[in-house]
Amino acid sequence: MEISNKIVGFFIASHDTTSTAITFIISYLAEYPDVHCKVYEEQMEILWSKGEREHLNWEDIKKMKYTWCVVCEVMRLSPPANGAFREAITDFTYAGYTIPKGWKTFWTVHTTHKNPKYFPEPEKFDPSRFDGNGPPPYTFVPFGGGPRMCPGKEYARMEILVFIHNVITKFKFQKVIPDEKIEYIPSPIPVKGLPISLETIHI
Ligand code: HEM
């Protein structure tokens with residue numbers, strides 16, 4: 001039972017989070033043509049720098065700077081994971097509340113990401129927030145923080161960037177349902193699975 005619990009946990013931690021991130025990236029790119037255009041340009045530059053049938057490599061991933069800013073801003077506004085539990089290892093006071101040692105607490109990604117002190121106009125979609133050094137530590141926590149931070153973070157980064165590269169350089173896409181409702185189970189997911197229409201790009 002313990003082994004099967006771990007396997008299911010691993011599938012949810014690795015697959016559901018990454019597919020949710022990719023789903024929302026596609027959704028935001030479809031909604032913001034100016035951002036789509038800049039991601040497209042960055043990815044086409046990488047594509048043109050490569051020989052025919054040459055695969056992406058780690059150097060190419062490192063060049064995807066603007067695309068990663070977009071991914072971060074999507075995960076800030078629509079985080080794939082809602083948070084996680086921590087146990088208080090000592091008594092502490094936060095915002096006037098005393099949390100005794102031993103209590104289980106749940107830290108939330110959503111509220112952390114909407115703090116106007118670090119993210120002015122927090123509801124605004126603005127990938128430039130992640131230019132340069134980006135926000136201070138522990139203000140942007142889609143992968144958690146501290147010693148139990150997501151161990152799949154770098155793998156997820158590579159998987160997401162490779163996916164975007166392949167989709168955006170090959171297809172134009174549009175949302176089929178403009179204002180699709182989102183449900184949380186517990187990751188956010190569009191109720192109809194975000195259907196999109198694809199058109200092949202001929203270069
Ligand atoms: C966009 C993709 C992903 C997001 C947003 C995400 C987010 C998270 C978050 C918030 C945590 C809790 C961290 C904490 O408590 O501080 C976590 C833990 C974890 N993640 Fe991810 N994750 C992603 C992808 C992956 C992938 C691809 C894998 C594996 C290949 C993975 C494996 C794990 C595991 C095993 C844990 C538990 C770590 C522990 O408790 O020590 N995750 N992830």
Side-chain angles (χ1 to χ4, degrees), residues 1-32 35 39 43 56-58 60-62 64-90 92 94 99 101-115 118-119 122 125 127 129-130 134-168 182-190 193-194 196:
M1 185 53 80
E2 193 180 343
I3 291 169
S4 69
N5 278 347
K6 294 284 181 256
I7 293 173
V8 171
F10 192 63
F11 284 157
I12 293 171
S14 58
H15 173 271
D16 290 17
T17 48
T18 314
S19 63
T20 298
I22 288 172
T23 303
F24 280 87
I25 292 160
I26 295 291
S27 172
Y28 277 92
L29 287 176
E31 258 170 56
Y32 290 87
V35 175
V39 173
Q43 297 299 335
L56 289 175
N57 58 33
W58 190 240
D60 299 318
I61 299 289
K62 287 199 285 192
M64 300 181 183
K65 286 196 168 57
Y66 179 72
T67 309
W68 186 243
C69 291
V70 173
V71 176
C72 289
E73 181 64 343
V74 170
M75 289 197 294
R76 184 184 71 80
L77 286 169
S78 301
N82 296 319
F85 290 98
R86 289 289 190 273
E87 186 175 311
I89 54 172
T90 179
F92 71 97
Y94 177 73
I99 314 292
K101 178 181 173 185
W103 271 32
K104 302 279 186 300
T105 59
F106 186 83
W107 59 267
T108 74
V109 183
H110 285 264
T111 47
T112 308
H113 285 180
K114 298 285 176 70
N115 187 338
Y118 302 108
F119 302 104
F125 180 68
R129 299 177 196 275
F130 291 89
Y138 294 97
T139 59
F140 175 64
V141 284
F143 296 103
R148 298 299 290 266
M149 189 182 195
C150 175
K153 177 178 177 288
E154 286 307 309
Y155 178 75
R157 174 166 167 252
M158 189 181 65
E159 195 183 349
I160 291 168
L161 290 172
V162 169
F163 185 94
I164 298 176
H165 174 85
N166 282 296
V167 171
I168 208 160
I182 309 296
E183 60 182 7
Y184 288 78
I185 50 167
S187 292
I189 202 78
L194 193 79
I196 52 169

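One-based numbering, in listed order, for ligands and for the atoms of each.
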Where does the angle between the aromatic ring planes of Tyr28 and Phe24 fall among parallel (under 30°), tilted (30 to 60°) and perpendicular (over 60°)? tilted

Donor-acceptor under 3.5 Å (Ser187 side chain, Pro80 main chain): yes

Which residue and atom name correspond to the protein heavy atom nearest atom 5 (C) of ligand 1, and how close is it? Pro142 O, 3.4 Å

Output the distance between atom CG (Leu161) and atom CD1 (Ile22), rounded to the nearest 0.5 Å. 9.5 Å

Need the ligand 1 atom indices (1-based, order shown) with element for anything under 4.0 Å from a heavy-atom of Trp107. 14 (C), 15 (O), 16 (O)

Might you work through the ring pair (Phe, Tyr, Trp, His ring centres under 6.0 Å) test for Phe119 and Phe140, ending with a clear yes or no? CA-CA 10 Å; Phe119 302 104; Phe140 175 64; 7.0 Å; no

Nearest to atom 36 (C) of ligand 1, what protein heavy atom do you find, and at what distance? Pro151 CD, 3.5 Å

Which residue owns the protein heavy atom closest to atom 21 (Fe) of ligand 1, what's the atom, and how far is it? Cys150 SG, 2.3 Å

Mark the output for Lys153 as yes if a heavy-atom distance to ligand 1 is under 4.0 Å, and as no if none is. no

Who's the nearest protein heavy-atom neighbour of atom 6 (C) of ligand 1, and how far? Phe143 CD2, 3.7 Å

Side chains of Thr111 and Thr108: any donor to acceptor distance under 3.5 Å? yes

Measuring from the heavy atoms of Pro80, does anything fall under 4.0 Å of ligand 1? yes

Do Val70 and Phe125 pass the side chain to side chain contact (heavy atoms under 4.5 Å, CB included) test, and can you show the C-alpha distance, the side-chain angles, and the key distance before you say yes or no? CA-CA 9 Å; Val70 173; Phe125 180 68; 4.3 Å; yes

Phe85: heavy atom below 4.0 Å from ligand 1, yes or no? no

Taking 4.0 angstrom as the limit and counting only heavy atoms of Ala156, give me the atoms of ligand 1 inside it, by number and element. 2 (C), 24 (C)

Asn82 (side chain) donor-acceptor with Pro186 (main chain) under 3.5 angstrom: yes

Could you find the nearest protein heavy atom to atom 15 (O) of ligand 1 and give me its residue, atom name and distance? Arg86 NH1, 2.8 Å

Among Ser14, Pro79, Gly145, which residue places a heavy atom closest to atom 28 (C) of ligand 1? Ser14

What's the shortest distance from atom 23 (C) of ligand 1 to any protein heavy atom, and which residue and atom give it? Thr17 OG1, 3.3 Å

In the protein, what heavy atom is nearest to atom 41 (O) of ligand 1, and what distance, to one decimal place, separates them? Arg148 NE, 2.6 Å

Exceeds 12 heavy-atom contacts within 6.0 angstrom, atom CZ of Phe106: yes

Quick check on Phe92: does its CZ atom have over 12 non-hydrogen neighbours (other residues, nucleotides or ligands) under 6.0 Å away? yes

If you measure from atom 12 (C) of ligand 1 to every heavy atom of Gly146, Ala21, Ala84, which option wins on shortest distance? Ala84

Is a side-chain donor or acceptor of Ser19 paired with a backbone partner of Asp16 at a separation under 3.5 angstrom? yes

protein heavy-atom neighbour closest to atom 25 (C) of ligand 1 works out as Ala13 O, 3.2 Å

